[in-house]
Every structure is written in structure tokens, then in C-alpha cells.
Number of protein chains: 2
Amino acid sequence: MLRGDITEAIQAAVVEELAAVGYGRLSIEAVARRAGVAKTAVYRRWGSKLAMVLEIVAGVAGRKLPLPDTGTLSGDLTVFLQILTIALRHPLASQIIPDLLAEAARNPEIAQTLQQALRANQHEIGSLLVGRAIERGELPEGADPDLAVDLIVGPIYWRLTVNRDPLPPDYVPRLVTAVIAALSA
Amino acid sequence: MLRGDITEAIQAAVVEELAAVGYGRLSIEAVARRAGVAKTAVYRRWGSKLAMVLEIVAGVAGRKLPLPDTGTLSGDLTVFLQILTIALRHPLASQIIPDLLAEAARNPEIAQTLQQALRANQHEIGSLLVGRAIERGELPEGADPDLAVDLIVGPIYWRLTVNRDPLPPDYVPRLVTAVIAALSA
DNA sequence: CAGCGACGCAACGGTTGCGTCGCGACGTTG
DNA sequence: CAACGTCGCGACGCAACCGTTGCGTCGCTG
């Protein structure tokens with residue numbers, strides 16, 4: 001019954017508005033304005049700003065990253081890090097992700113939605129990468145997939161999103177060798 | 001001329017309000033209300049919400065962490081990580097830091113203030129830790145202090161503040177050995 | 001072709017915050 | 001004691017947004 005093109009316009013507007021002003025300052029009026037849509041069209045779909053954002057965010061964050069098997073741990077890590085750096089550099093992502101994380105610190109529903117979307121994905125990637133490497137004999141049996149994820153994602157996120165430093169050109173390969181050394185210990 | 005106790009009450013109120021609702025939703029009215037102070041008292045001190053927050057944040061974020069010399073790299077790292085985990089777990093810090101980082105992504109003045117306060121401190125800590133370790137022969141000559149900081153702070157920040165997972169009891173020592181292995185490569 | 005529902009539009013009363021102003025009270029300074 | 005400046009208080013007009021309502025239009029469905 002609800003027109004699909006309008007729903008999509010609203011979703012896109014929410015994402016843009018989220019990037020522009022953040023969840024705290026996001027208003028239904030501004031979303032409708034940006035979507036070129038009447039406020040009533042929004043309220044017909046969602047009962048509140050929270051419900052609207054939760055549904056849209058869950059939809060976007062739930063997508064899985066493709067994770068090719070390059071044949072070596074170092075290759076897998078390099079590909080994964082490159083995908084990650086591109087994603088984190090995306091203007092929309094680099095504004096929305098920190099904002100939602102900040103909001104998650106005070107809103108349990110947002111926190112739960114983000115965790116549900118991210119944690120499973122993250123654990124799966126870690127298990128996959130480390131599992132393959134162990135099968136190949138590149139890592140010892142006891143290597144911890146969750147620690148691996150922290151070691152891979154943490155430094156990149158810290159540098160790109162928190163510190164907002166540009167990446168030195170050889171940063172990714174150096175990080176890859178460092179992570180492999182760390183996991184082999 | 002301006003009463004010091006009132007200034008302090010306002011500063012404390014700003015910090016609390018920042019934690020409670022974030023920079024985006026922070027209002028002068030709420031700050032004055034929380035501080036038990038008239039709105040005019042705030043406007044006598046700062047001309048705008050941005051100026052007020054910047055001055056207060058710079059004052060808090062500029063403080064330096066003590067960094068004892070334990071005699072070994074592993075000891076230094078352990079102490080530093082423990083201080084860091086305690087700081088990041090602090091309720092006020094864990095809400096305010098992500099919020100300001102998110103706001104920094106859209107407000108250059110906030111970004112600059114944070115960078116100025118954090119980057120220098122961070123680089124100094126990295127250089128100090130790595131420098132000592134190289135002198136002791138615990139790390140090779142070429143070890144990169146900035147990469148070291150990413151490897152130390154990134155995983156902890158990721159797990160504590162982004163993922164909001166509790167730390168497994170032996171996480172810090174395992175991270176320490178992993179980091180040392182990574183930096184030795 | 002008749003009916004239904006989503007649509008845009010405009011307006012509603014209510015809330016919140018903005019930045020400013022004038023007032024009288026209080027305490028310090030000269 | 002007189003002057004000054006900060007203080008709290010309350011109010012101002014203005015703007016934005018809230019969530020809801022009623023209206024007429026449009027397009028699909030039966």
C-alpha cells in the first residue's frame with residue numbers, strides 16, 4: 001500500500017540527515033523536507049524517530065562484506081583491510097558510525113541494534129580468517145579469533161575515524177605483518 | 001569579578017550534560033538549570049555553546065597521564081593499558097569521548113581542539129615507550145612509535161568503547177604480548 | 001466506475017530553546 | 001557610605017519541531 005519510491009526517498013534522507021546533524025539533532029521535519037515528502041508520509045511508516053532510525057540502520061549495517069579466500073593469511077588480511085579502509089573513509093560512514101556509537105552509549109536500543117548487526121559479522125570474519133590460517137599452518141592452534149579482530153580493526157579504526165590521520169602509504173602492509181606476528185605469539 | 005564557584009558549577013554541569021544528552025542536544029538552558037544558576041550567568045562567561053564547550057573540553061583533555069618507568073616494555077605497556085582501561089570505563093568519559101569524536105566529524109573547531117589535545121600527548125607516549133624499549137634492546141631500531149600507539153590503543157578502544165564488550169580477565173597480558181611480538185617484527 | 005488508501009498541503013496547540021532585557025538584592029571595593 | 005558589578009529571577013519575541021488533524025487529489029483495485 002505504501003509507495004516504495006517514497007519509502008526509499010525517506011530512507012536516503014534519514015541517512016543523509018544522520019550524517020549532517022547526527023541522531024541527536026535529527027528531526028522528522030528535516031527528514032521529510034530533505035526527502036521532498038510530507039511529514040505525514042513519514043509518520044505513516046514509523047511511529048517515532050527511534051523506530052525509524054533503528055529499522056533503517058539495521059538494514060544498512062546488516063549487510064555482509066564479501067571475504068575472498070586469497071590463499072594466504074597475509075593476502076586475506078590485506079584485502080580485508082583495504083575494504084575496511086575504503087568503507088571507513090566513506091564520508092557518510094565516517095560521520096554516521098561515530099555518531100551512532102556515541103548515541104549507543106546512552107540508548108540501549110541503539111546499542112543492541114548495532115551490536116546485533118556488528119558483533120555477529122565481526123566474529124564470523126575473525127573465525128573465518130583465523131580458521132583458514134590455522135588449517136594452512138600459518139597460525140598456531142590456539143590463536144584467538146576475537147583478539148585477532150581487535151588487532152586488525154582497532155588500529156585502523158583508531159587512526160582513521162578517531163585520530164582522523166591520513167594513512168601512510170605503506171601502513172596496511174606494515175599493519176598486516178605486525179598483526180601476523182602478534183597472532184603467532 | 002566573575003564568581004569562581006559559579007564558574008566551576010557551570011563547568012561541571014556542562015560535563016554532566018554532555019554525558020547525558022551529547023553535544024548536539026546540549027542546551028544552555030539545561031546547563032544553567034543543572035548548575036543551579038541563571039542563564040545570564042552563563043552568557044556572561046561565554047558567547048556561545050561552542051566556545052563554552054571548547055574551552056572546558058580543552059581544559060579537561062589537556063591533562064597528561066603519568067607514565068611510570070617500570071624497567072621493562074611489558075611492564076610499561078601493562079601499566080599504560082590498565083590506566084587506559086580504567087579511564088575508558090569511566091561513565092562520563094565513555095559517553096563524552098565518542099560523542100565529541102562524532103561531533104568532530106562535522107565541526108572543524110572541535111576536531112582541531114581534540115587533535116591538539118590528544119595527538120601531542122599520544123605521540124609523546126608512543127615515543128617514550130618505544131624509545132625506552134629500544135634503549136634496553138627490547139625492540140629493534142626501526143620500531144615505529146606511531147604504529148605502536150595504534151596497536152596499543154586501537155584494540156582496547158575498539159573493544160571497550162565501540163564494541164562495549166567486557167574485557168576477559170587475561171585480556172591485557174595477552175594484548176601486551178601480542179603487541180610486543182608485533183613491534184618486534 | 002466506484003471505493004479505498006496513500007499522497008501533499010496547511011494548520012493546529014504545545015513545548016523547548018534561543019539571546020536579550022530590566023529588575024532588585026547582595027557583596028566588595030574605594 | 002556610595003558606586004559598581006555580579007547575582008537570581010522572570011519575561012520578552014522569535015524560531016523550530018513536536019505529533020495530530022482535516023482536506024482535496026491521485027492512482028490503483030475490484
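Convention: sequence-line order gives letters A, B, ...; per-chain numbering from 1. A quick note: this is a predicted structure, and the numbers were derived from the prediction, not measured. Below, all heavy atoms of this structure are taken into account, side chains as well, without hydrogens, waters or symmetry copies.
- The residue among B:Thr40 and A:Arg25 whose nearest nucleotide of DNA chain D lies closer to the 5′ end is B:Thr40.
- Side chains of A:Gln122 and B:Asn163: a donor-acceptor N/O pair is present below 3.5 angstrom, by distance only.
- Contact footprint of chain B on DNA chain D: nucleotides with an atom under 4.0 Å from a non-hydrogen protein atom, first to last in 5' to 3' order, D:dT6 to D:dC9.
- Taking the screw axis at each terminus of the helix from C:dC1-D:dG30 to C:dG30-D:dC1 from five consecutive base pairs, the angle between the two is 10° to within rounding of 10 degrees.
- Looking at B:Arg25 and B:Asp99, no side-chain N of the basic residue comes within less than 4.0 Å of a carboxylate O on the acidic one, giving no salt bridge.
- Taking CD1 from B:Ile28 and CD from B:Glu17, the interatomic distance works out to 10.5 Å, rounded to the nearest 0.5 Å.
- DNA chain C is contacted by both B:Gly47 and B:Arg44; B:Gly47 maps to the nucleotide lying nearer its 5′ end (nearest heavy atom per residue).
- A:Asp146 has no carboxylate O lying under 4.0 Å from a charged side-chain N of A:Arg119, or vice versa, which leaves the two without a salt bridge.
- If you measure from atom NZ of B:Lys49 to atom C1' of C:dT16, you get 13 Å, rounded to the nearest angstrom.
- Nucleotide C:dA10 holds its C1' atom 12 Å from the CD atom of A:Glu29, rounded to whole Å.
- For the atom pair A:Arg159 CZ and B:Asp150 CG, the distance stands at 4.0 Å (nearest 0.5 Å).
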Report task. Applying side-chain hydrogen bond (donor to acceptor under 3.5 Å, both in side chains), run through A:Tyr23 and A:Asn107 and close with a yes or a no. Result -> CA-CA 11 Å; A:Tyr23 178 83; A:Asn107 187 321; 4.5 Å; no

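- Among A:Asp76, A:Leu77, A:Leu73, the single residue meeting the side chain to side chain contact (heavy atoms under 4.5 Å, CB included) criterion with A:Val176 is A:Leu77.
- In this structure a side-chain-to-backbone donor-acceptor pair under 3.5 Å is present from A:Gln95 to B:Ala105.
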